[in-house]
Amino acid sequence: MERSSSGRAFSLGLRWLAAQDAPRTAVRDWRAFLAAAEPLPEPRRLRLARLWPLLALLNGPLALTALMLWPQRSGVHLLLFLLVFVFVPLVLLAWTALSALVSGRGPWWRLLLSHHDDRVIGLWCARQALLNQGLFCIAGLAWLWLALLTRQVIFYWSTSVTAVSESVAALFGALSLGLLDVPSAAVVRAAEAGAITGWQGAVLADSHQWALWLSQVVGLWVLLPWVVLLALCQWCLAQRIARWPEHNQHLRLLFAQAREPDVRYRALQPEQPPVEPAGHDFPLVTTLAPEPGFRWRLAAAGAGGEDVTLGADDQRSDEARVRTAARRLRRWYVAGHAVPTGDLADLLHLHCASGGEPQLVVLLNEGQQDEARLDALRHTWGVFLERNRLPLTLQLLRQGGGVDA
Amino acid sequence: MPEPGLPLFAVVGHPNQGKSSVVSTLVQDDHIAVSAISGTTRQAHSYRLLLDGEILYELVDTPGFQRPRQILAWCAEHSEGAAQRPAALAAFVERHRDDPRFADDCALLTPVLAGAGIVYVVDASQPFDATFEAELTLLSWSAQPRLALLNPMAEARFEAEWQAALQQYFSLVRTFNPLLAPFAQHLALLRAMAEIHPPWRSGLLRSVDALSQQRDARHQQAADILADYLGSVLRFSIHLPVAGPRDQLRATGIAQYNRELQRRESALQSRLAELYGHDKLDWDSEWQPLRAEDISDARQWRAWGLSRRRLASLSAGAGAASGLVLDAATGGASLMMGALIGGTLGGLAGGFAGRDALSFELISRVPGYEEWQLGPVSSLDFAVALTGRALRSWYQVRQRNHARRDALALKPQDLSQWLDGLEQKQQVQLLFWLRKLLKRPLNEAESNQLRLLLAALGEQMESPP
């Protein structure tokens, strides 16, 4: 059977419903998401459900054949035919279409197709049911004409009760909505039924007219609504499939997981490798013998008379101060909060070049007493000394230690 | 660099002030290297915000200043007046581009000289001094639009001093903690960035709208994931062959059940983390205390649910709601007995939660072939506890900024607090749907109701405690 685009989309959607994981690669939209299901196997139940209209094609002739089992193949055929091929399909069509279009429910056999209960699957099943019912009628009609042409069946309406004949004629007229000519009933008196001959021949001649009328009634009451409902269902199905994630939580989650976000940040450079603290084991001391030194980015208020404060002015002034005191001072007191930078490295290099032997003392503050921060500080200073090629000694002095901070 | 006219910002400052943290939080990317170690960022890294392929703005993370005083001195020597300073700065970068001593400084200044707006980040817990003054002077010489961010990394002892200094150089000064600032403040920062240069305003405001919508969509999707998770986990059961004493089988089954619950919970956490862009979140360490949890021991999991009293009152409401359906079906002929009986039974079920967390029954689908079935969840108390844990997972990723690399402290009582923010009717509805889930799977419409309630509960997570 030729698959429509909505039928194909339905199949792809069902494949996702059977899958546990979203596609590996991101998809741009719903159509791309459905297309990504191509490699997944089509559910076997769907393949079977697609074949069900074939059963309807078989059922139509079977139902018509069953009518012929009626004793003597009397005129009751006509009423039974109307019941089986007009009334029941009409009720079923209405029920199926209303359930699917209004409440989103599928026919009872939906469970055989999928355990997911959503408005799309329900509507697809309903459409399939409509297809079945229409094919049932069409196959029945085709079989009727074949049987008629081969004289296997004769349609007629006769009665010997005039009142009944009038009622039935009125019913037939109503069925045709006045649009179609109803063949007139052959009224045969009971007394004449056995005595008069030849009326059977008239019935036989009218049989084709009755069959034609019956076909028109089926067309008017069943096939026309069927085509309209089928088209409506097909249109609704296409609409619902386009918004299937709104109707099915599982599909919605898979689609959302796979969908390429509309809004996203993109890094233009590759990710930077994380920095792992290396084992820099600078000693942590609580006291230190007082000694004057350079004070890098420390408040001038705490400086002694022989200390040299740096970092409070421009770089050239600091360089001059370092050159002057290079041989006299060796300690460098650095504020714990002061991140070591190139300016400091250059001054330390200058101290070395001027004949000094710098020793670094980092004065820890309140927030730098825990081990994690101490590790980070040690690593910061270790990296600083390595990058700037400064093979110096460094001590960390706890807050409240022997040197005024 | 993006096309001319598109907003471009360079996040600059002294080393170790939290520049990368600001960028990581704003671009929602936990791959950006962030650490307490100075000099973690050695090169400029650019991030573009794309909306359907269109670039809305670009943010550049830069290394910290290394030799600002020397650069300032060089530029002062090479410029004769204010008008020449930007050119002098450009000349400095041009001349020292290949000098390893100035590699970091040049990487910082290059995007600024290319036209980027400046976002200067500083830790307000350290005093203002000449080094910072040199940095600010240099940035002002670039003549680019600029904004300063005070990052309260520790106690902001010098905030007033910094405010006074920064306001001389920046038209806008904001306080922004990249580790703790809620999402609304991220957007507020972008709005502030939109104000410093009018031609960039519309692009940045569009970014704010797009990010805001993305955030809402993520919340809705997370609620959907949670509803799906609860639907699967509360209905989960395992089958055990009749091969041994009942208690022994039950113990074996519970161990198996526990493992499966933990697997599903881990899967939930991974999905939520992926949804919010937390690719490197270490759930194992965050949830370590719970790994040894035994679901057969109510003392272990009860802390994640609600107090017995509260559960009883809400459960009574949910039971009454169920009973009302019966009353409606009888057209009132039941004299509201359905609601009365439902409420009483619901209250009792919630209040006397002494029953086992899971059902354990001998079932026989085919005569002669019996098996034990462990699960689904039979206790409302346990169902609420599982819900509380799932919501806690959501809270972890929802509230967490991408700059954070530490583990969050666990507070099991949050469910009760979040419920407080809902209307009484919504609280009862939540219990109503959980009770329904204990009995049967929810259909699409019902599941949608549960999703909406979970989304409302999620909104409470944003409310201050």
Side-chain angles (χ1 to χ4, degrees), chain A residues 104 115-119 246-250 252-253 256-257 261-277 297 299 311-316 318 335 337-346 365-368 372-373 375-384 387-388, chain B residues 14-17 27-29 31-33 35-52 58 64-70 72-73 101-102 104-105 123 125-127 129-131 134 154-155 210-211 213-214 221 224-225 227-228 231 271 274-275 443-444 447-448 451:
Chain A
H115 69 274
H116 287 277
D117 183 9
D118 67 44
R119 294 173 76 89
E246 290 174 23
H247 301 294
N248 188 298
Q249 188 184 39
H250 185 66
R252 184 164 63 241
L253 290 173
Q257 206 177 343
D262 297 335
V263 184
R264 68 195 166 92
Y265 280 97
R266 191 175 72 193
L268 301 188
Q269 287 83 23
E271 186 183 343
Q272 190 176 317
V275 177
E276 297 296 336
R297 296 179 67 187
D313 210 339
D314 61 84
Q315 182 82 359
R316 282 189 188 159
D318 282 352
H337 65 75
V339 181
T341 58
D343 279 343
L344 174 63
D346 291 346
N365 58 31
E366 266 177 58
Q368 292 171 318
R373 286 180 189 273
D375 280 348
L377 198 64
R378 282 193 178 104
H379 187 67
T380 295
W381 279 97
V383 169
F384 168 75
R387 277 184 192 160
N388 291 286
Chain B
H14 202 65
N16 219 24
Q17 304 297 296
V27 305
Q28 303 171 32
D29 186 344
H31 293 88
I32 296 173
S35 83
I37 297 160
S38 169
T40 302
T41 308
R42 299 303 313 277
Q43 291 170 335
H45 283 78
S46 304
Y47 302 86
R48 283 178 177 171
L49 179 65
L50 303 174
L51 173 62
D52 289 329
E58 184 174 324
F65 275 115
Q66 288 294 322
R67 292 171 171 86
R69 297 191 305 169
Q70 295 177 51
L72 190 65
R101 287 175 66 235
F102 290 101
D104 286 8
D105 300 284
D123 171 13
S125 65
Q126 59 195 323
D129 64 19
T131 303
E155 188 191 353
L211 289 169
Q213 284 170 16
Q214 182 195 48
Q221 201 181 328
D224 220 354
I225 292 171
D228 183 53
R271 286 193 75 179
E274 187 188 351
L275 176 65
N443 63 28
E444 277 296 315
S447 193
N448 206 34
R451 179 174 66 90

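Residue numbers start from 1 in every chain, and the chains themselves are labelled A, B, ... in the order their sequence lines are given, proteins ahead of strands.
- Annotation: side chain of Arg451(B) is in contact with side chain of Arg252(A) (closest heavy-atom distance under 4.5 Å).
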Let's go through Val263(A) and Gln213(B) carefully: what are the C-alpha distance in whole Å and the side-chain angles of both, what is the deciding distance for side chain to side chain contact (heavy atoms under 4.5 Å, CB included) to 0.1 Å, and is it a yes or a no? CA-CA 9 Å; Val263(A) 184; Gln213(B) 284 170 16; over 6 Å; no
Verdict with supporting geometry, Asp123(B) and His337(A), side chain to side chain contact (heavy atoms under 4.5 Å, CB included): CA-CA 10 Å; Asp123(B) 171 13; His337(A) 65 75; over 6 Å; no
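- Under the 4.5 Å side-chain criterion, counting only non-hydrogen atoms from C-beta, His14(B) is in contact with Thr341(A).
- Here Asp52(B) pairs with nothing under the salt bridge (charged side-chain N to carboxylate O under 4.0 Å, His left out) rule; sequence neighbours left out.
- When each of Asp314(A), Asp318(A), Asp346(A) is paired with Arg69(B), the side-chain hydrogen bond (donor to acceptor under 3.5 Å, both in side chains) condition holds for Asp318(A) and for no other.
- Proximity of Glu444(B) to Asp117(A): side-chain heavy atoms (C-beta onward) are nowhere separated by under 4.5 Å.
- Distance CD/Gln249(A) to CG/Asp224(B): 4.5 Å, rounded to 0.5 Å.
- Between Glu274(B) and Gln257(A) the shortest side-chain heavy-atom distance falls below 4.5 Å.
- Looking at heavy atoms from C-beta onward, Asp262(A) lies out of side-chain contact with Gln214(B) at the 4.5 angstrom threshold.
- Looking at Ala134(B), there are no atoms closer than 4.5 Å to chain A (heavy atoms on both sides), in backbone or side chain.
- The salt bridge (charged side-chain N to carboxylate O under 4.0 Å, His left out) test applied to Asp105(B) returns no partner, not counting sequence neighbours.
- Taken from CZ in Arg266(A) to CG in Leu50(B), the straight-line distance is 5.0 Å, to the nearest 0.5 Å.
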